[in-house]
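Numbering of residues begins at 1 and proceeds along the displayed sequence. What you see is a predicted model, and the numbers here were worked out from it, not measured in a lab.
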Amino acid sequence: MGLFSIFKKNKAEEFVEDDEAAARLAADSELQRQRAQSDLQRDMARATALKIDAIEAAMAADIFNEPEPAWQRPRRPARPAPAEAAAAGDGNTLPMLEHDTTELLGEDDTPIEAAAAESAPIVEEIAILYANGQTDAAREILASSVRESGANDRTAWWMLFDLYQVLNDQMAFDDLSIDYASKFETSPPPWAPLPAEAPQTGNAGYSGLTPTVALAGVLNAAIAAQLAKVDTAPSRLPLRFDFSRVNGVEPEGCALLLEALRKAQSGQRELIVAAAPELANQIRATLDVGRRDEGEAPWLLYLELLRLQNREKDFEEASMDYCVTFEVSPPPFVAPTKVANAPKQAAAAASDRFMLPALIDGDLAGLLAAISGYADQYPALVFDCSRLTRIEFGAAGQLLAKLKELAVDERRIEFRDVNHLVAALLRLLGYADIARLFPHRY
């Protein structure tokens with residue numbers, strides 16, 4: 001009887017092991033099927049891109065004789081040297097054209113190079129899987145690729161950081177941050193998930209024109225004209241403040257900007273603030289505890305910028321310094337709502353950007369019509385991708401076709417703050433032939 005019981009137990013264990021093996025086999029088969037599908041789509045995209053390249057190369061053989069930059073559209077033939085241009089007497093040449101484009105933009109504002117050769121195939125595979133909504137497969141392959149990545153290739157790491165933020169998985173993000181800091185001996189990216197209200201399906205949610213208040217030079221009384229846009233921009237639209245090119249502050253300008261920021265938030269309007277840390281640092285450098293010569297405005301603007309960044313600890317410390325200086329109670333800390341922070345832009349800010357929705361898929365008729373309307377108003381097209389989480393593979397093709405219609409007469413087209421998963425797909429499909437791609441920097 002005892003032997004029979006043992007026999008029954010062993011047989012049961014065998015059945016369990018067989019079931020587990022069958023489940024693993026099924027999962028492996030599904031992953032192989034998904035990877036085979038992505039391989040097919042990647043090959044189709046490459047074949048289409050090769051055909052287009054061959055046609056364009058034949059047409060441009062007599063004009064262009066330099067290889068294209070990896071992430072930006074073909075450039076015009078090289079310009080003559082400044083001395084030669086002056087000798088030619090071309091009065092239509094602007095002075096800024098005497099400088100190289102990279103010099104004008106700055107090192108941090110040039111398009112990011114393509115993925116390293118050894119990781120390019122896996123990057124393309126992940127981009128297609130993710131575009132088709134196969135998030136679990138993309139995550140599994142990315143995690144495996146990160147473990148095997150070389151010391152000089154961070155592409156897969158950046159894509160995985162972006163994926164964890166899209167999935168709002170902070171625990172996995174923090175674990176990856178520790179490994180990243182150890183491997184590359186540098187600080188990991190900050191945790192910055194999408195706003196909670198960002199839609200995850202469909203083309204719902206705001207997309208379209210984003211009015212921009214782009215301040216430059218010294219923050220003084222002269223900024224009043226630029227701040228007038230706070231009153232004229234429709235209240236239903238998000239408003240973008242860009243401080244990237246501010247290089248000095250004065251009390252009068254601080255007072256005007258503080259009033260504009262408060263007014264912009266009074267109606268629960270959404271705010272996008274670029275280069276807030278840099279402006280806050282400039283203001284802080286002008287402040288001394290106990291000195292009242294400049295008045296309260298610089299202090300209050302400094303506190304407001306800290307609040308907009310949700311830096312509560314820094315806000316409380318600065319509040320104590322403000323209280324000691326003016327012997328009055330400081331303003332209370334109120335966590336910001338409907339406020340998004342954007343990094344500093346090295347190039348001159350575009351006047352107004354077109355914000356893309358969180359997800360682009362399905363019927364794009366409404367989105368493409370809005371982009372056409374934007375193109376009718378502005379000579380340069382700058383797409384804000386800070387909210388964009390994913391573009392479905394077929395939808396990316398539709399959007400590319402529309403942009404090719406609009407890319408006439410060397411029109412400037414840019415995609416800014418693109419996550420690395422989307423950037424890999426755009427590059428694979430040939431967006432870099434007509435536009436400049438700027439993935440967000442880690």
Taking side chain to side chain contact (heavy atoms under 4.5 Å, CB included) as the definition, give me every residue that meets it alongside [X], ordered by chain and number, with sequence neighbours left out.
X	answer
Ala297	Cys254, Ala255
Pro332	none
Asn341	Val273, Ala276, Gln309, Val339
Ala225	none

Smallest separation among heavy atoms of [X] and [Y], with atom names:
X	Y	answer
Pro357	Leu367	CD-CD1, 4.1 Å
Arg390	Asn132	NH1-C, 4.0 Å
Tyr378	Arg411	O-NH2, 2.9 Å
Gln226	Ala214	NE2-O, 3.0 Å
Lys229	Thr212	NZ-O, 3.2 Å
Pro211	Pro238	CD-O, 3.2 Å

Mind checking the [atom1]-[atom2] spacing from [X] to [Y]? Nearest 0.5 Å is all I need.
X	Y	atom1	atom2	answer
Phe393	Asp361	CZ	CG	14.5 Å
Leu403	Ile371	CG	CD1	6.0 Å
Leu356	Ile360	CG	CD1	4.5 Å
Met355	Ser386	CE	OG	4.5 Å
Ile434	Lys404	CD1	NZ	6.5 Å

Checklist entry - Where does the angle between the aromatic ring planes of Phe354 and Tyr374 fall among parallel (under 30°), tilted (30 to 60°) and perpendicular (over 60°)? => result tilted
Next on the checklist: Over 60° means perpendicular and under 30° means parallel, so tell me whether Phe161 and Tyr180 are parallel, tilted or perpendicular.
Outcome noted: perpendicular
Once salt bridge (charged side-chain N to carboxylate O under 4.0 Å, His left out) is applied, do any residues pair with [X], and if so which ones, sequence neighbours excluded?
X	result
Glu296	none
Glu250	none
Glu185	none

Checklist entry - Honestly, is Arg416 close enough over Phe438, meaning NZ or CZ under 6.0 Å from the six-membered ring centre and within 45° of the axis? => result yes
Checklist entry - Sequence neighbours excluded, which residues qualify as ring pair (Phe, Tyr, Trp, His ring centres under 6.0 Å) partners of Phe415? => result Phe383, Tyr431
Item to check | Pairing residues for Tyr322 by the ring pair (Phe, Tyr, Trp, His ring centres under 6.0 Å) criterion, not counting sequence neighbours | outcome: Phe326
With a 3.5 Å distance limit and no angle check, can you tell me whether [X] reaches the backbone of [Y] through a side-chain donor-acceptor pair?
X	Y	answer
Asp242	Ser244	yes
Ser145	Ile141	no
Thr389	Ala358	yes
Thr232	Val230	no
Ser182	Asp179	no
Glu392	Ala395	yes
Arg245	Gly217	no
Asp384	Arg353	no
Ser372	Leu368	yes

Checklist entry - With distance as the sole criterion, is a donor-acceptor pair present between the side chains of Glu304 and Gln265 under 3.5 Å? => result yes
Is there a side-chain contact between [X] and [Y], using heavy atoms and a 4.5 Å cut-off?
X	Y	answer
Leu287	Pro298	yes
Leu237	Thr210	no
Leu381	Glu414	no
Gln282	Val246	yes

Checklist entry - When the ring centroid of Trp157 is compared with that of Phe184, is the distance short of 6.0 Å? => result yes
Which pairs, with at least one residue in [range] and sequence neighbours excluded, count as a salt bridge (charged side-chain N to carboxylate O under 4.0 Å, His left out)?
range	value
residues 257-266	Asp231-Lys263
residues 367-381	none
residues 160-171	Arg139-Asp169

